[in-house]
Each structure stands twice: as C-alpha cells, then as structure tokens.
Number of protein chains: 2
Amino acid sequence: MTYSQLELKNQICFPFYSVSRLITKAYKPFLSKIGLTYPQYLVMMVLWESDGMRINEIKEKLFLDTNTVSPLLKRIESMGLINRTRSNEDERSVIVTLTKKGKELKELASPIPEQMLEGLAHEGITVEEISNLRNTLNNWIKALSDNKNDNKIK
Amino acid sequence: MTYSQLELKNQICFPFYSVSRLITKAYKPFLSKIGLTYPQYLVMMVLWESDGMRINEIKEKLFLDTNTVSPLLKRIESMGLINRTRSNEDERSVIVTLTKKGKELKELASPIPEQMLEGLAHEGITVEEISNLRNTLNNWIKALSDNKNDNKIK
DNA sequence: CAAGTTTATATCGTAAACGACATAGTTACA
DNA sequence: TGTAACTATGTCGTTTACGATATAAACTTG
C-alpha cells in the first residue's frame with residue numbers, strides 16, 4: 001500500500017485552502033488602506049449592493065454562521081460604518097444599515113477589484129481564466145452547501 | 001458608475017474563500033473521528049510523507065508562517081503525535097519527528113481521501129474536474145506565492 | 001390558547017491566521 | 001576577529017471560524 005492519496009500534492013482541499021489564503025493576503029495592502037479586513041470587506045460589499053439587510057440574509061450570502069457574523073458586525077459597527085436595529089415586523093431579526101461613513105467607503109473601495117485583476121494579470125492569470133474558474137467554483141459552492149444541508153437532517 | 005465589480009458575484013476571492021471553508025467543513029466528520037483539525041491533518045500529511053522535517057520546511061510546504069505553525073505544532077505535540085528536537089547541525093532549527101502514535105495514525109487517516117472523493121462524486125463533481133482544477137490552482141499558488149516575494153523586496 | 005418547536009441572534013471557548021516584535025544561533029565581511 | 005546582517009523559531013495581540021449553548025420572539029398544533 002502506497003498511501004499516495006495522502007500526499008499533499010494529491011489533495012484537492014489543500015490548493016483551495018492555500019489559494020484562498022494567498023489571495024486574501026494579496027488583498028491586504030489595498031484593504032488596509034481603507035481600514036478593512038477581508039471578511040469585513042465582504043460584509044460591506046453585501047451591504048453596498050443591498051443596504052438594510054437582515055443579519056440572516058448577510059450570513060447566508062457569505063455562507064457564514066451567526067457566531068462568526070455577529071462579532072464581525074459588532075466590530076464594523078464600532079468602526080462607525082453600520083447601524084444595527086431590531087426589525088419591527090419580526091423582533092428577532094436585526095436590520096443592518098450603512099451609515100454615511102459606510103456609504104462613502106464604497107467610493108474608496110471601488111478601485112480595488114480592478115487593482116486586484118491587474119495584479120493577477122501581472123502574474124499571468126487572464127480574465128478568461130478567472131471567469132471560467134468562477135463558474136466552476138460556483139458549482140462547487142452549490143454542491144458543498146447542499147451537502148451541508150444533509151447534516152441538518154441528521 | 002455602476003460599481004458592478006464590487007458585487008459579490010463578480011469577485012474571484014470570495015468563491016475561493018467559500019469553497020475552502022466548505023471543503024474544510026466537509027472534511028470535519030472524517031477528521032474529528034481521528035481527532036485532528038484540518039490544519040493539523042495537513043501537518044501530519046507532510047510528516048507522513050517525509051518524517052524528520054525542519055519546521056522551516058513544513059512551513060514552506062504549507063505556505064504558512066512560523067507564528068501559525070509554531071503553536072500548531074505545539075498542540076500536535078501535546079497530543080503525543082510528534083516530537084520536536086533542536087537540530088545538531090544548526091541549533092536554530094527544530095526537527096519534527098513522528099512518534100509511534102503519530103505513525104500509527106496514518107493507517108486511520110488513509111481512507112479519508114477516498115471517502116472525500118466519494119462525497120464529491122455524490123455531489124456531481126468528477127475526478128477529471130478535480131484533476132483539472134488541481135492543475136489550475138497549483139498555477140495560482142505559484143503565481144501568488146511569487147507575488148508574496150515581491151513584498152520581501154520592499 | 002397553552003406547550004412544544006422553530007427561528008434569529010448572541011455569547012463562550014478553542015483553534016487558526018497573521019502582523020509586530022523578541023531572541024538565539026549563524027553567516028558575512030570589513 | 002568582531003560586529004552587523006540574516007535566519008529559524010517563538011510569543012503576543014487581534015480577528016476569524018465554528019461547535020456548543022443560551023435566550024427571546026414567532027410559529028404550530030393539539
């Protein structure tokens with residue numbers, strides 16, 4: 001028996017894990033300029049796209065759980081970028097809205113995607129490749145987040 | 001101005017980030033059976049492949065920094081799976097070796113890759129797709145970890 | 001309509017990640 | 001040879017992830 005499947009180079013999760021961390025690292029110089037971490041940037045993108053979301057909607061968009069999102073939002077709130085208010089229709093829900101400062105940050109963030117694409121292009125990664133990969137990865141997300149629901153049934 | 005590039009669905013990092021977390025989550029039931037977290041499993045795979053590595057080599061294989069690997073190894077050591085000893089040739093280096101228990105764990109871990117592949121196949125993800133993706137991702141890793149070296153020059 | 005269940009959010013504890021900084025050993029070179 | 005630069009590892013503090021658990025509001029169903 002060779003155990004070759006246990007070798008790092010034959011793993012599929014490991015490349016995902018590494019690329020994810022390395023890309024996040026590549027974002028860092030741009031994000032630190034506007035004072036956000038990568039997960040905070042994700043939350044802000046969700047809100048820039050659709051202000052006034054419930055926490056539940058944010059959490060589902062990002063495939064995160066409340067125990068991650070809750071403190072994350074708390075920190076973003078303490079930075080003065082968002083407000084959290086209880087919903088009137090459903091007192092369990094919390095509505096997250098952008099403050100003036102939070103809305104203004106969008107302008108500062110707007111060049112980041114372009115700058116990241118330029119950086120990747122500089123490393124020989126084309127827009128086509130990125131586009132293809134995005135489709136593939138979205139299928140994986142669909143497959144894996146369905147899988148997650150299987151666990152709920154247990 | 002539409003800001004469409006700031007929409008979540010147009011990001012490339014976000015799918016990587018999500019897939020990485022979702023796959024790690026998919027590993028969890030298998031790994032918890034043998035008492036490892038995903039990063040601990042990575043370290044063990046490196047050592048099963050090549051016992052007696054220096055911390056520096058482990059850290060480079062995994063694209064991690066010492067401030068992540070150091071406590072990680074400490075925890076694995078406290079589980080009795082590895083030993084850490086200073087190198088004689090270079091007193092700065094620490095050699096990591098598997099204990100008997102650490103070597104035996106390989107046998108328990110050996111079915112995991114197959115089980116993961118079955119799980120993915122069940123979600124409609126083929127071995128061919130995984131293989132192609134692995135090649136693509138390895139290119140990204142190369143590109144992004146080169147990029148990292150640029151920062152060192154600064 | 002009361003009791004059990006579900007849902008939305010939050011808190012706590014542990015393990016990663018990682019920037020900043022510390023320390024001891026090694027190398028280089030003036 | 002001595003001192004500056006570099007290397008390998010480690011610690012500390014902050015932020016993520018996430019399992020387990022708590023709490024309050026809203027549903028559901030007998």
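Just so we're clear, the structure is a prediction, and the values are computed from it rather than from any experiment.
- If you measure from atom CG of B:Leu42 to atom P of C:dA15, you get 17 Å, rounded to the nearest angstrom.
- In this structure, B:Lys28 fails the cation-pi test against B:Tyr38, since its NZ or CZ atom is not both closer than 6.0 Å to the six-membered ring centre and inside 45 degrees of the ring normal.
- We find that CD1 of B:Ile76 is positioned 11 Å from C1' of C:dA15, with the value rounded to whole Å.
- In this structure, A:Arg21 reaches the C:dC18 phosphate: one of its side-chain N or O atoms is under 4.0 Å from OP1 or OP2.
- Residues A:Tyr38 and B:Val69 each lie close to DNA chain D; by heavy-atom proximity, the contact nearer the 5' end of the strand is made by B:Val69.
- A salt bridge between B:Glu91 and B:Arg86 is absent, with no side-chain N of the basic residue lying under 4.0 Å from a carboxylate O of the acidic one.
- Here side chain to side chain donor-acceptor pair (under 3.5 Å) pairs that include residues 44-62 of chain B, with residues two or more places apart or in two chains, number zero.
- As rounded to whole Å, 20 Å separates atom P of D:dT14 from atom CG of B:Asp65.
- Look at CZ on B:Arg54: it is 13 Å from P on D:dG10, rounded to the nearest Å.
- Considering only side-chain N and O atoms, A:Tyr17 lies under 4.0 angstrom from the phosphate OP1 or OP2 of C:dA17.
- When distances are taken from the side chain of B:Glu91 to each of C:dG25, D:dT9, C:dA16, the shortest belongs to C:dG25.
- For the residue pair B:Trp140/A:Glu129, the side-chain donor-acceptor check at 3.5 Å is satisfied.
- For C:dA16, the OP1/OP2 oxygens have a side-chain nitrogen or oxygen of B:Arg75 closer than 4.0 Å.
- At a threshold of 4.0 angstrom between heavy atoms, the contacts of A:Thr68 include nucleobase atoms, whether or not backbone atoms are also involved.
- Using a 4.0 Å heavy-atom criterion, one finds that B:Thr37 contacts the sugar-phosphate atoms exclusively.
- Applying the 4.0 Å criterion to OP1 and OP2 of D:dG10, one finds that B:Arg84 has a side-chain N or O inside that range.
- Map B:Pro39 and A:Lys74 each onto its nearest nucleotide of DNA chain C; the residue landing nearer the 5' end is A:Lys74.
- A:Asn67 contributes a side-chain N or O that forms a donor-acceptor pair with the base of D:dG19 under 3.5 Å.
- In the interface, the side chain of B:Arg92 is paired with the base of D:dT7 through a donor and an acceptor atom under 3.5 Å apart.
- If you check every strand for non-hydrogen atoms under 4.0 Å, A:Lys28 touches sugar and phosphate atoms only.
- Residues B:Gly52 and B:Thr97 share a closest heavy-atom pair of CA-CG2, 3.8 Å.
- Per the geometry, OH belonging to A:Tyr27 stands 20 Å off P belonging to C:dA17, to the nearest Å.
- Formation of a donor-acceptor pair under 3.5 Å by the A:Asn10 side chain with backbone atoms of A:Ser4 is found in this model.
- Looking at the side chain of A:Leu64, the nearest of the listed nucleotides D:dT9, C:dG25, D:dC18 is D:dC18.
- With distances taken from any side-chain atom of A:Ser93 to the nucleotides C:dG19, D:dA25, C:dT9, the minimum falls on C:dT9.
- Side-chain nitrogen and oxygen atoms of A:Ser70 include at least one within less than 4.0 Å of the OP1 or OP2 phosphate oxygen of C:dA10.
- Atom CG in A:Asp90 sits about 11 Å away from atom P in D:dA25, given to the nearest Å.
- The nucleotide whose nearest atom lies closest to any side-chain atom of A:Lys25 is, among D:dG19, C:dA17, C:dG19, C:dG19.
- In this entry the distance linking CD1 of A:Ile55 with P of C:dT7 reads 17 Å, nearest Å.
- Atom pair A:Glu89:CD and D:dC27:C1' shows a separation of 16 Å (rounding to whole Å applied).
- Where A:Glu60 and B:Asn88 each meet DNA chain C at their nearest nucleotide, the meeting point lying more 5' is that of A:Glu60.
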